[in-house]
Amino acid sequence: MGTVGPGTGTGTDEIAGERRQLINVAYRLLGSVTEAEDAVQDAYARWYRLPRSRQEEILSPGAWLTTVTSRICLDLLSSARARRERYVGAWLPEPLPNRTEWDHAGGTDLAGPADPADPADQIVLDESVAMAFLVVLESMTPAERVAFILHDVFRYPFAEIADVLGRTPAACKQLAASARRRVSVARAPVTATGQADVVRQVKEAWETKDIAALVGLLNPAAVMTADGGGMVGTVLRPVEGGTRIAQYMVAIADKAPGLELLERSVNGVPGLVAQRAGVVMTVASFDVSDGRVTRIWAVRNPEKLRPWAREG
């Protein structure tokens, strides 16, 4: 079943050692830590259900697991449209914390030290998991997303991706090229330092409820999208325009006394976290261009904030 991925042999430790790679692939394909973990668990369950004789016939268990995981993700992506139609409000990918950053800040904001068994802690925080990038991935067809992620991000050859998608290598190459064009439309991100400076100014203006300062930091055509999943109060439609967004942000601050804003990396990019009494309430990601914020993605759905939760 294909030869995607590294590794040979059927030792239990070696099979378990593939989990980190599989989680990284699945999260980029699905944009959800929870669904990625479920997909990987399903792939492992299928492996262990194989007869021992069949396992020994497979030259690369890592390749087999990656192929199966990718196919599971493809099925989930194909059914996602119907699930998103039932979702209350906008759907955004699950944000990821940088645990070491929180530990350095005091170590009590999150659930203790990083747990190597926690899937969120095994995801490599690079440009392929930045919120802006994941949102672009959402615009792709399931087949485009799988072909693009496996080839452009993880460097798997099209001959092996063809086994995942059930298409010819040439067709997979075309899918990746189409996906690449979508990504190229998205502007290259600013440096982390440049974005951190803008995010810091947004934080300060938000804390002082300075609408004029916020308007100056927001692109006039900026868009803010919030994801509450119907579980917490938030706007169900994107807020458009720098002035409207600034007014909305200040209104939130007025309604939430005691809200503390923290500068933290979100999916490896400078962002803001709002917490009250030590409990993370909102995780905000930003897209910045020419010194101004063009997009804000605010995740408030508690189910998507589990990697940010405090112990107990």
Would you check if there is a donor-acceptor pair between the side chains of [Y] and [X] at a distance under 3.5 Å?
X      : Y      : result
Asp210 : Thr208 : no
Arg295 : Ser285 : no
Thr234 : Arg300 : no
Arg20  : Asn24  : no

Steps toward salt bridge (Lys or Arg N to Asp or Glu O under 4.0 Å) verdict (Glu37, Arg19): CA-CA 9 Å; Glu37 172 71 356; Arg19 185 171 183 270; 2.7 Å; yes
For residues [X] and [Y], determine if any side-chain heavy atom of one lies less than 4.5 Å from a side-chain heavy atom of the other.
X      : Y      : value
Val223 : Val239 : no
Ile149 : Leu137 : yes
Gln195 : Val269 : yes
Tyr27  : Asn267 : yes
Val288 : Thr294 : no
Tyr248 : Val235 : yes

Could you label the plane-to-plane angle of the Phe154 and Tyr156 rings as parallel, tilted or perpendicular, counting under 30° as parallel and over 60° as perpendicular? parallel
Anything under 30° is parallel, anything over 60° is perpendicular, the rest tilted; go ahead and classify His151 against Phe158. parallel
More than 12 heavy atoms of other residues, nucleotides or ligands under 6.0 Å from CZ of Arg237: is that the case? no
Would you indicate whether Arg167, at its atom CZ, is surrounded by more than 12 heavy atoms from other residues, nucleotides or ligands within a distance under 6.0 Å? no
Check against side-chain contact (heavy atoms from CB on, under 4.5 Å), Gln275 and Leu262: CA-CA 8 Å; Gln275 66 177 20; Leu262 304 171; 3.6 Å; yes
Where [X] and [Y] come nearest, the two heavy atoms and their spacing:
X      : Y      : answer
Ile72  : Ala43  : CD1-N, 3.7 Å
Ile58  : Trp64  : CD1-CD1, 3.3 Å
Ala162 : Pro169 : CB-N, 3.8 Å
Gly229 : Asn301 : CA-ND2, 3.7 Å
Gln55  : Trp47  : NE2-O, 2.9 Å
Pro95  : Pro97  : O-CD, 4.1 Å

Walk me through it: do Lys203 and Glu260 pass the test salt bridge (Lys or Arg N to Asp or Glu O under 4.0 Å)? CA-CA 10 Å; Lys203 172 181 177 290; Glu260 180 185 12; over 6 Å; no
Full working for side-chain contact (heavy atoms from CB on, under 4.5 Å) between Arg28 and Val124: CA-CA 10 Å; Arg28 286 161 176 80; Val124 177; 4.1 Å; yes
Measure the CG-CH2 distance between Asp227 and Trp91 for me, rounded to the nearest 0.5 Å. 8.0 Å
Let me confirm one number: the CG-CD distance from Leu96 to Gln122, rounded to the nearest 0.5 Å. 12.0 Å
Hey, quick one: are Leu236 and Met281 part of the same hydrophobic cluster, counting side-chain heavy atoms closer than 4.5 Å, chains of contacts allowed? no
Where do Asn98 and Arg264 land on the side-chain contact (heavy atoms from CB on, under 4.5 Å) test, with the steps shown first? CA-CA 8 Å; Asn98 182 334; Arg264 292 290 185 268; over 6 Å; no
Checking side-chain contact (heavy atoms from CB on, under 4.5 Å) for the pair Glu138/Leu134: CA distance, chi angles, key distance, verdict? CA-CA 6 Å; Glu138 286 294 310; Leu134 292 176; 6.0 Å; no
